[in-house]
Undergrad: 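Questions regarding the structure given below will be posed in turn.
Note: hydrogens, waters and symmetry copies are ignored here, and every other heavy atom, side chains too, is used. Per chain, numbering begins at 1; letters A, B, ... match sequence-line order.
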Amino acid sequence: MPVETDFLDGLNESQRQAVQHFCGPLLVVAGAGSGKTRALTYRIAYLILNHQVNPENILAVTFTNKAAKEMKERIELIFAQRLAQEKEGERLELLPEHKQVKLRSRAYQDITKHLWIGTFHSLFARILRQDINKYQDPKGYQWDRNFTIYDESDAQSLVKNIVTKQLNLDDKKFNPRYLRYSISNAKNQGFYPEDVLAQQPNYRGRVISEVYQEYQAQLASNNALDFDDLILIPARLFSQNESILGYWHKQFQHILVDEYQDTNRIQYQLINLLATNGEPKKQNLNWENRSIFVVGDADQSIYSFRMADFTILLEFQQDFGDGLPDDDTRTMVKLEENYRSRENILEVANTLIENNSERIDKILKPTRGYGEEIYCYKAENEIEEGQFIRRQLLTLQNENPELNWGDFAILYRTNAQSRVIEEAIRDKIPYQIIGGLKFYDRKEIKDALAYLRLLTNPNDTVSLLRIINTPRRGIGQKTIDQLISASQELGVPLWEIIRDETSVNTLAGRASKKVNEFAKLIQRYQANLDQLPAVEILDGILSESGYRQDLQNQGTDEAENRIENLKELDSAMTQFAEENEDNSLEGFLANAALASDLDNLNEKEEKVSLMTLHAAKGLEFPVVFMVGLEQGLFPNRRTLDDPAALEEERRLCYVGITRAQEQLFISHAEERRLWGSREPAIPSQFLSELPEELVNYSSPPIKPRRQEKKDTKKDTGQNWQVGDRVFHKTFGEGTVTHVLGNGEKTNLAVQFPGIGRKIIDPKIASLELI
DNA sequence: TTCTTATCTCCCTGG
DNA sequence: GAGATAAGAA
Ligand SMILES: Nc1ncnc2c1ncn2[C@@H]1O[C@H](COP(=O)(O)OP(=O)(O)OP(=O)(O)O)[C@@H](O)[C@H]1O
């Protein structure tokens, strides 16, 4: 009999039904903020607790690394909580700090460490580390386990090199960016170069196909994979090799996918293969002790540019489910209550999304009542828009002391918009920008990583070329060209030439001494790769290569900054080694390649978050500013003549609105600077689609007050008692179960129905006695 | 070979 | 308007 598990208290009836689902397929569909992610997370815990499923038999796919990390933390807490009650007979948060730490570490060692939770890319990169040598490529390409993962800029420079150097095409006519995008799209549909040509039997198609072919050949000879390969190669490997598929099918008995509406066909194929072991007939499937559980919302599908296809979500019922009508089906659960947003915010979002024709209507009931008014502000230009944001932030923060800067988000369509906003708020308001230039995209970081990649994977010519003359060591373009053409003639990787002293001496002329010194340096570190911890390798190579010294000599602020960033790389490495119990260089490099800027978002830091609407998917904030609602910007210019693309923009807008919990500000400018020139801008069509009665188009008062709230006193002097009924801004109504400490140091343990027990400092959070 | 200056391209979204 | 890149000078 299943143990009754108190964490089910935090779920409504439909969520509970989803969480308690054990075997077979289940689709959870629901609008924004209805607790889909929570249901998925709790189900993982429930499988382990009540069905004794082994954590290593669970595969859960999230959309971002950050979401994966949070999910692991939640599960860890659930188990630590249970341990606390079993072993100590007490709630976790009421135990002394060191005991809490110990229990969490137990939960990590026993449970979460073994779970396979991550993005498609990180999970399947891990599988490839194990099995890529068994992959048989139809073209005969081969990779080994030390493969390097190329990020977008590596991939683009490879394409560019092919276009200009090898195929001698005009890169004006075929810009490498466009070609790279075409290749990526082809891969995300499982196409080989020949397929591209067959689909597009014209000059353009031939060029794309040729570049693609050469690109793939070079990836292989560099022993490198791009992001798309991390999905595509496992899919091909599983299709061609029954025993490998069988192994992973057996391993992953329970498969869960979050944000299922944004999976693409290849990702679907992977999930399908793992779930069915390649059995095509639905009726032959044996779901004993197995399940597939996906959650999603077709209205939040916003990644079609990455070949995501929300019809995959719509087809789940046919693919896996019983295919019965909604009233009778046992393989679909709908969640219809929204726990995140105020009623007016939700209504605005729902009204907007109804303008899409390609959709299935859903119910999404508010649970939180009307909140503050929604304002739409018309700014003169983008600078004045920034001023508006600044004014509002300062007033709101001033008037609502319970809000800290981390409770605000500013969302925009394109990264380029962040600049002006940053300028407007930087002197008064702490902020963090998510996206744009990623940490791992910075020049100095890429240089450092190139050294490290070269050590683990000497075939990685892209990295080799990046650092062979960085810092300047007198190895010029002519020398490099000589070496490259020799390597091409002999058909060996460039590194093979460079490390061979005699070849270098004949080829490199004056620079040969320098090349040999460089080769010796690299070889010395390669020899010590397994002996030294990763951090020491990094430090050593940065010093001995003269990289750090070179920066120090420059003495500029910029160089200072780069040195700081390199130090940060150092701590990132240490942190990675600790968190993952992995101090190998390979492990760290894979992690770095897959890292996204979103991973740096820290809610606990009290900073306003600036990010794109795409990056905000899955997040929530008490106060949201959605800015730049102008025709051509949002919806974006390129979508205006494509109805499907326009609908996706509208979904993006829906996502933006539904990030807000308490209050939403929308703004647009009448004039905006684009690439240096000023352009008039007309308001976004989405604005006219919002219900007029719920949006206030006049300027918000300088000192807006939270109206609905009764006076929340920040009661330091209040005498709190066990049993008091209280109201909290985020958690709602609850009951005080413990009063901890006294006087200035009083903390309260409050039990919130449906949420659990929280420790609250009444001096920081405003608690109302009711 | 490296540094400086003029010209060109680009920004829609990201693992 | 910035960052990348190509051409020209030291
Ligand atoms: N049963 C519940 N009772 C109260 N609050 C809940 C419940 N379920 C979820 N929540 C809260 O509602 C908010 C939204 O939950 P969650 O992120 O799981 O929703 P979601 O459906 O995944 O959202 P999105 O579609 O926007 O990603 C969270 O703050 C969560 O803590």
Undergrad: In this structure, how many angstroms lie between the C1' atom of B/dG15 and the CG atom of A/Asp226, rounded?
TA: 11 Å

Undergrad: Between B/dG15, B/dT2, B/dC11, spot the one nearest the side chain of A/Arg306, thanks.
TA: B/dG15

Undergrad: It should be established whether A/Ser596 places a side-chain nitrogen or oxygen under 4.0 Å from OP1 or OP2 of nucleotide B/dG15.
TA: yes

Undergrad: Categorize A/Phe634 for me: base, sugar-phosphate, or nothing, with a 4.0 angstrom heavy-atom threshold over every strand shown.
TA: nothing

Undergrad: Hydrogens and angles aside, do A/Gln218 and A/Asn222 bring a side-chain donor and acceptor to less than 3.5 Å of each other?
TA: no

Undergrad: Indicate whether A/Phe305 forms a stack on B/dT13; treat it as stacked only if centroid distance is below 5.5 angstrom and interplanar angle below 30 degrees.
TA: yes

Undergrad: Is the backbone of A/Gln685 close enough, under 3.5 Å, to the side chain of A/Gln631 for a donor and an acceptor to pair up by distance?
TA: yes

Undergrad: Using modelled atom types and a 3.5 Å cut-off, is there a donor and acceptor pairing between side-chain atoms of A/Asn65 and backbone atoms of A/Thr119?
TA: no

Undergrad: Please determine, for the side chain of A/Arg472, which listed nucleotide (B/dG14, B/dT2, B/dC10) has the closest atom?
TA: B/dT2

Undergrad: Picking from B/dG15, B/dT1, C/dT5, which would you name as closest to the side chain of A/Thr479?
TA: B/dT1

Undergrad: Is there a donor-acceptor contact under 3.5 Å linking the side chains of A/Ser684 and A/Glu630?
TA: no

Undergrad: Over how many whole Å does the gap from A/Ile302 atom CD1 to B/dT13 atom P extend?
TA: 13 Å

Undergrad: On DNA chain B, nearest-nucleotide positions of A/Phe120 versus A/Glu649: which is more 5'?
TA: A/Glu649

Undergrad: For the side chain of A/Arg673, counting heavy atoms from C-beta on, which of B/dG14, B/dG15, C/dG1 is nearest?
TA: C/dG1

Undergrad: Any idea which of B/dC3, B/dG15, B/dG14 is nearest the A/Ala615 side chain?
TA: B/dG14

Undergrad: Please tell me which of the listed nucleotides, B/dG14, B/dC11, C/dT5, lies nearest to the side chain of A/Ala416?
TA: B/dC11

Undergrad: Look at A/Asn636 and B/dC11 and indicate whether a side-chain polar atom (N or O) is within less than 4.0 Å of OP1 or OP2.
TA: no

Undergrad: Within the 4.0 Å heavy-atom criterion, would you say A/Asn469 contacts the bases, only the backbone, or no part of the nucleic acid?
TA: sugar-phosphate

Undergrad: From B/dT13, B/dT2, B/dG15, pick the nucleotide closest to the side chain of A/Thr612?
TA: B/dT13

Undergrad: Whole angstrom is fine here: how far is it from CD in A/Gln477 over to P in C/dA7?
TA: 13 Å

Undergrad: Looking for any heavy atom pair under 4.0 Å, which part of the strands does A/Asp228 touch: base, sugar-phosphate only, or nothing?
TA: base

Undergrad: Only one of A/Arg466, A/Arg562, A/Arg442 clears side-chain hydrogen bond (donor to acceptor under 3.5 Å, both in side chains) with A/Asp447; which?
TA: A/Arg466

Undergrad: What does A/Ser304 touch in the nucleic acid at a heavy-atom separation under 4.0 angstrom: a base, only the sugar-phosphate, or nothing?
TA: nothing

Undergrad: Atom CZ of A/Arg177 to atom P of C/dG3: distance rounded to whole Å?
TA: 15 Å

Undergrad: Hey, which of A/Asp299, A/Asn356, A/Asn355 is the one that makes side-chain hydrogen bond (donor to acceptor under 3.5 Å, both in side chains) with A/Arg650?
TA: A/Asn356

Undergrad: Need one value for A/Lys478: base, sugar-phosphate or nothing, where a base atom within 4.0 Å counts as base even if backbone is also close, heavy atoms only.
TA: sugar-phosphate

Undergrad: Look at all strands and tell whether A/Arg637 reaches a base, only sugar-phosphate, or nothing, counting heavy atoms closer than 4.0 Å.
TA: nothing

Undergrad: Separation of A/Arg650 atom CZ from B/dT13 atom P, in whole Å?
TA: 21 Å

Undergrad: Of the listed nucleotides (B/dC10, C/dT5, B/dT13), which one gets closest to any side-chain atom of A/Asn175?
TA: B/dC10

Undergrad: Among the nucleotides B/dG15, C/dT5, B/dT13, which one has an atom lying closest to any side-chain atom of A/Arg413?
TA: B/dT13

